[in-house]
Undergrad: 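Attaching a single structure in structure tokens format; questions to follow.
Any value given below was found using the heavy atoms of this structure, including those in side chains, with hydrogens, waters and symmetry copies removed.
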Amino acid sequence: MRLIRWLAPLALGLMIFVAAQPAHAIDAVSVRGDAPAIDLTAILEYQHSDTDRIQVSTAPGTDGIVRRIEVRAREAGQNWVVFALANNTDDQLDRLIVAPHYRIVSSGLLWPDLGLSRIATITPSTGDRPERQDSATADIFRVTLDPGAVITFVAELRTGKLPQLYLWEPEAYKDKVNSFTLYQGIVIGISGLLALVLTILFVVKGSIMFPAAAALAWAVLVYIGVDFGFWGKVLDMSAGAERIWRASGEAILAATLLVFLFAYLNLSRWHVRYSHITLGWLVFLGSLVGLALFDPAVASGIARISLVLIAFAGFGLIVYLSTHGFDRAVLLIPTWFLLVVWVIAAGMTVAGNVTNDIVGPALLGGLVLIVMLIGFTVMQHAFAGGGATNGIVSDVERRALALTGSGDLIWDWDVSADKVFTSPETEALLGLKRGALEGPAAGWLEVLHPLDQDRFRAALDSVLDQRRGRLVQDFRLRTPDGHFMWFALKARPVVGSDGEVSRVVGTLTDVTEGKNAEERLLHDSVHDNLTGLPNRKLFIDRLGAVANFAKTMPTLRPTLMVIDLDRFKQVNDSVGIAVGDSILLTLARRLTRILKPQDTLARLAGDQFGLILMSETDPTKITAFAETIRKTIRAPIAFNDREIFLTASIGLALSDPNTPLSDEIIKDAELAMYHSKRIGGDRIDVYKPAMRARKTDRLTLESELRRAIERQEITILYQPIVRLEDRSIAGFEALARWDHPKLGRMSPVEFIAIAEEIGLIIDLGMFVMDQTARQLAIWQRAMRAREPIFASVNVSSRQLLRHDLLHDIRTVLSRSSVARGTLKLELTESLVMENPEHAAQMLHRIRELGTGLSLDDFGTGHSSLSYLQRFPFDTLKIDQSFVRTTARGTRPVILKSIIAMAHDLGMDVVAEGVETDSDAVELYQLGCEYAQGFAFGEPMDADAAMRLLTEERLEAAS
């Protein structure tokens, strides 16, 4: 029992010893009496405990014995530093242990140390506990070292890092604090005065660069006030609040520096992208202020990185603008270069490459210096040229400056000396020698246009006679090469003391370009833009002039012709609109060459021409001339190694004394032309009164077509499209027919061209699309097939060019609940190749709406396979010309190549014009999925299509 009692304290002490893990004995720092300060940072020994207690080994005393002491934390801290001091002098020494709350040196770029109270308490190995001194910027403890004493100090840390620890002689530390206080006061005073001056300058001048510079100065004042501890003395901030202020100050500093750069360089005027970048950056920096409330270290790190980016990116931008003629940027280069140097020095300091105690205050002083230089640069702009521009300017001087700024030419006529003076630029514009226009006013008549000479002379005489008023006149002056330039003269008379006009003074302005534009507009308003021929408006005007002329010459009997090309729409679909325009231009030139000067040829509509024939009056010669026109049109037109043959229907209206030359004779010629076209085209027909009884002239058809949709005269037929695999109905193609009340059912060939010309094709296409979608929804609800029925609708060029087509499709799909992709839009190959870039964009957006896309008449146009790959078509329709001639040796090869290409592009294939069962079998063997034609049914109405679908379903069920 005695042995157990004796071993128990020993075991307990051993357990405490093992748990505490005491450090090895440390070396003591010798404190000399003449040393004002000793840096203890390098000799600190950091320790960590798992509990609130720690055991350390003391430094050897004068007797050489190492002892162990146990220290208990007052604030439950677990981080400690241990150091030892030795007084080897014969005097008692009083010293201050100083640990600054914040030190910019080695604070770090990312997650920087923004400062806190570092030491909670210091426990000595012997003697009294050091006494804490009052200080807002550092932890200060007063210690007394007896002569010959060696004391080990254990400091309880509040943070895991102690940036610096000094041992100061009290008076030396006081002197140091006082000196830095003086320096800080001077820097804060200069910064505050600078911010105040720039603010006043902003109030006086009001330009955007001045509030930006003032904001930067105030941001620097706030930042250095926090760093110097000034605001802590004024506002009595806590240590945690000071970290928030410091992080917010750095973010605001970066933001105001960015705003100043943006405002000074005036980037918002021409460089819109800079505005967007700056605004986004400012929003980001502003959010850092909010982030500082939660994590000041992260906010400060991001702000410091932003400051580096602003400095270097700004310097690059300034140099770039300086080399591109922006003078304002040149003035900022020295100041911004100093800022870059300052940022580099600050980076080396926070990274720990520079450790001097003076570097922190020096950096803040340098920052104030940079802001001062920025203020000087701004004030240079504020007062540069102020005396010259803001002084009193007389009215005469103001007028002279305005005249110089306008760029107008001076025109001055000295009436008494009869001498005209004009600016040298006038003669330079005309290509004349200097002084050629100076001299008597009558000398100007030699260079004036003959039609302007009398007006010019009369205007000058009028000013001299009336002695008042304003001279405003346009006239033409001749150049040495014979062409004329337009000038506008605006002048006023100057009356002398005798009441007579002594001078006429004003300005000359070159208005040639404006006059030419007016002439072009006037010409374009009455001429066709493509061919340059008179349009319908000018044609009718000339017909009226001929009618007035015929009243004075009863023997003058002009003949009116209307020439309309046969099946020109098919030509356009085959070769494209651009080539079609070239064909029209070629025909216009051919016809012009066979006319005489007194004849008038005009383009009345798309492929329709009008002719007023006055060079021939004999009926036989008129008929022969019309035949010449017909043969001229029939002559082949070469295009890309192929020849295009055209024919025309020509209607003649012969005038007589009882027939007035008015719009009615044009209608008569149109009636004759339509009669020729109805019979088959490529004919010449003369108007007869019996033709008017049919009422089939173009204008009548146009007016009746406009009301056809309202009167429900447009009927939609559906032609079946079958699957070649099992001959089941896969879908239908919608075909429009016009049930004319007098002319009966008309095919699209007879009215689609008219609808396109008068702009009705858009309403007609929308009607067909909407009705087809509604009928398709009915079929799909009734059939409930695994693969839903689809329907195809043709789209014209005018519809595809309209952006409203997307809205129309979206409206149709919202009205009818059809399966996605089953409403297909058919477009011809020539149509999409007219403008492939626009077509590709539109087709992708149409496909996204949920419609299918079918490429119609493939192989008949001139497409580019590279463009075809970019179009999102899901179906390719082979033109019937390839299907009907499959008996020839080369056709199957071409047909098979087209089908294989379509499959490679991920498209289904529909063959058009299948008339026999053998064609269908061969197409299926070639890999074609679908077919349509008379072999599977003619176009039918919706009811017949429904019966066909019902019968097929019943057969499949049985």
Undergrad: Above 12 or not: heavy atoms from other molecules or residues under 6.0 Å from CZ of R589?
TA: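 At most 12 heavy atoms, drawn from other residues, nucleotides or ligands, come within 6.0 Å of this atom.
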Undergrad: Can you measure from CD1 (I762) to CG (L805) and round to the nearest 0.5 angstrom?
TA: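 I762 atom CD1 to L805 atom CG measures 9.5 Å (nearest 0.5 Å).
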Undergrad: Does the side chain to side chain donor-acceptor pair (under 3.5 Å) test come out yes or no for E952 and S728, once each step is laid out?
TA: CA-CA 7 Å; E952 181 181 275; S728 62; 4.9 Å; no
Undergrad: For the residue pair Q932 and E733, confirm or rule out a side-chain donor-acceptor distance under 3.5 Å.
TA: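 Result is yes, a qualifying pair exists.
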Undergrad: Using modelled atom types and a 3.5 Å cut-off, is there a donor and acceptor pairing between side-chain atoms of R774 and backbone atoms of M769?
TA: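 Between the backbone of M769 and the side chain of R774 there is no qualifying donor-acceptor contact (under 3.5 Å).
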Undergrad: Could you tell me the separation between the CG atom of L585 and the CG atom of D528, rounded to the nearest 0.5 Å?
TA: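 One finds 9.5 Å between CG of L585 and CG of D528.
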Undergrad: Is a salt bridge present between E826 and K877, judged by a nitrogen-to-oxygen distance below 4.0 Å?
TA: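 Answer for the salt bridge query: yes.
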Undergrad: Run the salt-bridge test on R727 and D917 with the 4.0 Å N-O cut-off and return the result as yes or no.
TA: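 Looking at R727 and D917, the cut-off is met.
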Undergrad: Taking C-beta and beyond as the side chain, do L926 and K896 meet within less than 4.5 Å on heavy atoms?
TA: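 In contact.
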Undergrad: What closest approach, in Å, do Q780 and P788 show between heavy atoms, and which atom pair accounts for it?
TA: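 Taking Q780 first and P788 second, the nearest heavy atoms are NE2-CB, 4.0 Å.
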Undergrad: Check the surroundings of atom NE2 in H807: do more than 12 heavy atoms from other residues, nucleotides or ligands lie under 6.0 Å from it?
TA: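 No.
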Undergrad: So, for A736 and I714, which heavy atoms are closest and what is the spacing to 0.1 Å?
TA: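 For A736 and I714, the tightest heavy-atom pair comes out as CB-CG2, 4.4 Å.
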Undergrad: Examine distances only and state if a side-chain atom of S814 and a backbone atom of R810 form a donor-acceptor pair shorter than 3.5 Å.
TA: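 The answer is yes, because a donor-acceptor pair under 3.5 Å joins these two groups.
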Undergrad: Quick one, L652 and Y687 - any side-chain contact, counting heavy atoms below 4.5 Å?
TA: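 They are not in side-chain contact.
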Undergrad: Got I629 and T632 here, is their nearest side-chain heavy-atom distance under 4.5 Å?
TA: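 Result no, sub-4.5 Å side-chain heavy-atom pair not found.
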Undergrad: Say you draw a straight line from CD1 of I716 to OG1 of T772; how long is it, rounded to the nearest 0.5 Å?
TA: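 It is 4.5 Å, given to the nearest 0.5 Å.
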Undergrad: For a quick test of reading the model, state the closest non-hydrogen atom pair linking S796 to I761 and the distance between them.
TA: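 S796 and I761 have their closest heavy atoms at OG-CG1, 3.4 Å.
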Undergrad: What distance separates I583 CD1 from D581 CG, expressed to the nearest 0.5 Å?
TA: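 Taking CD1 in I583 and CG in D581, the distance rounds to 9.0 Å.
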Undergrad: Do D682 side-chain atoms and T647 backbone N/O form a donor-acceptor pair below 3.5 Å?
TA: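 No; judged by distance alone, with no hydrogens or angles, the pair does not exist.
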Undergrad: Are any non-hydrogen side-chain atoms of D856 and N794 less than 4.5 angstrom apart?
TA: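 Side chain of D856 against side chain of N794, heavy atoms only: contact under 4.5 Å found.
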Undergrad: Could you check whether S649 and D564, counting side-chain N and O atoms only, form a donor-acceptor pair closer than 3.5 Å?
TA: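 No, S649 and D564 have no side-chain donor paired with an acceptor closer than 3.5 Å.
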Undergrad: Rounded at 0.5 Å granularity, tell me how far CZ in F609 sits from CG in L601.
TA: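 It is 7.0 Å, given to the nearest 0.5 Å.
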Undergrad: Report yes if the side chains of F936 and V914 come closer than 4.5 Å at any heavy-atom pair, otherwise no.
TA: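 In short, these two side chains touch, coming nearer than 4.5 Å.
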Undergrad: Under 6.0 Å between ring centres: does that hold for F790 and W779?
TA: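 Aromatic pair excluded; centres sit 6.0 Å or further apart.
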Undergrad: Below 4.0 angstrom, N of the basic side chain to O of the carboxylate: do D943 and R947 qualify?
TA: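 Not counted as a salt bridge, because no side-chain N and carboxylate O are separated by less than 4.0 Å.
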Undergrad: Verify side-chain contact (heavy atoms from CB on, under 4.5 Å) between Y718 and L735, making sure each step is shown before the conclusion.
TA: CA-CA 6 Å; Y718 302 94; L735 303 172; over 6 Å; no
Undergrad: Grab the two heavy atoms, one from R590 and one from P636, that are nearest each other, plus how far apart they are.
TA: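 Closest pair (atom of R590, atom of P636, distance): NH2-O, 3.1 Å.
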Undergrad: Could you check V579, L646, L565 and say which one makes a side chain to side chain contact (heavy atoms under 4.5 Å, CB included) with L584?
TA: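 Single side chain to side chain contact (heavy atoms under 4.5 Å, CB included) partner of L584 among V579, L646, L565: L565.
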Undergrad: For T531 and L533, indicate whether the former's side chain and the latter's backbone hold a donor-acceptor pair under 3.5 Å.
TA: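 It does hold such a pair.
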Undergrad: If I take atom CD1 from residue I846 and atom CD1 from residue I809, how far apart are they, to the nearest 0.5 angstrom?
TA: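 Reported to 0.5 Å precision, the distance equals 4.0 Å.
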Undergrad: With the threshold set at 4.0 Å, does a side-chain nitrogen-carboxylate oxygen contact exist between R723 and E787?
TA: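 Looking at E787 together with R723, the answer is yes, because their closest N to O distance falls below 4.0 Å.
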Undergrad: For the pair V812 and L823, evaluate side-chain contact (heavy atoms from CB on, under 4.5 Å) and give the outcome as yes or no after the intermediate values.
TA: CA-CA 10 Å; V812 168; L823 179 63; 4.2 Å; yes
Undergrad: For T851 and R820, run side-chain contact (heavy atoms from CB on, under 4.5 Å): C-alpha distance rounded to whole Å, both residues' side-chain angles, the deciding distance at 0.1 Å, then the answer.
TA: CA-CA 6 Å; T851 60; R820 185 176 180 84; over 6 Å; no
Undergrad: Answer yes if the side chains of D739 and T715 hold a donor-acceptor pair under 3.5 Å, and no otherwise.
TA: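 Yes.
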Undergrad: Is it true that R630 and E627 have a side-chain N and a carboxylate O under 4.0 angstrom from each other?
TA: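 Looking at R630 and E627, the cut-off is met.
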Undergrad: With heavy-atom distances below 4.5 Å as the criterion, would you say the side chains of I563 and I633 are in contact?
TA: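 Counting from C-beta outward, I563 and I633 do come under 4.5 Å.
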Undergrad: Evaluate the criterion side-chain contact (heavy atoms from CB on, under 4.5 Å) for residue pair I878 and V909; output intermediate values, then yes/no.
TA: CA-CA 7 Å; I878 303 176; V909 180; 3.5 Å; yes
Undergrad: Would you say that M673 contacts I650 through its side chain, given a criterion of any heavy-atom pair below 4.5 Å between the two side chains?
TA: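 They are not in contact (no side-chain heavy atoms under 4.5 Å apart), so the answer is no.
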Undergrad: If you measure from the Lys or Arg side-chain nitrogens to the Asp or Glu carboxylate oxygens, is any gap between E713 and R707 under 4.0 Å?
TA: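 The answer is no: the pair does not qualify as a salt bridge.
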Undergrad: Strictly distance-based, threshold 3.5 Å: is any side-chain N or O of R781 a donor or acceptor partner for the main-chain N or O of V818?
TA: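 No, because the side chain of R781 does not come within donor-acceptor range (under 3.5 Å) of the backbone of V818.
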Undergrad: So do the side chains of F871 and L905 get within less than 4.5 Å of each other, counting heavy atoms only?
TA: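 The answer is no, as the side chains (C-beta and beyond) never meet within the 4.5 Å cut-off.
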Undergrad: Between D808 and T811, does the side chain to side chain donor-acceptor pair (under 3.5 Å) criterion hold? Intermediate values first, please.
TA: CA-CA 5 Å; D808 294 344; T811 302; 5.4 Å; no
Undergrad: Which pair of non-hydrogen atoms, one from F873 and one from L843, has the smallest distance, and what is that distance?
TA: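 Nearest pair, atom of F873 first, then L843: CZ-CD1, 3.7 Å.
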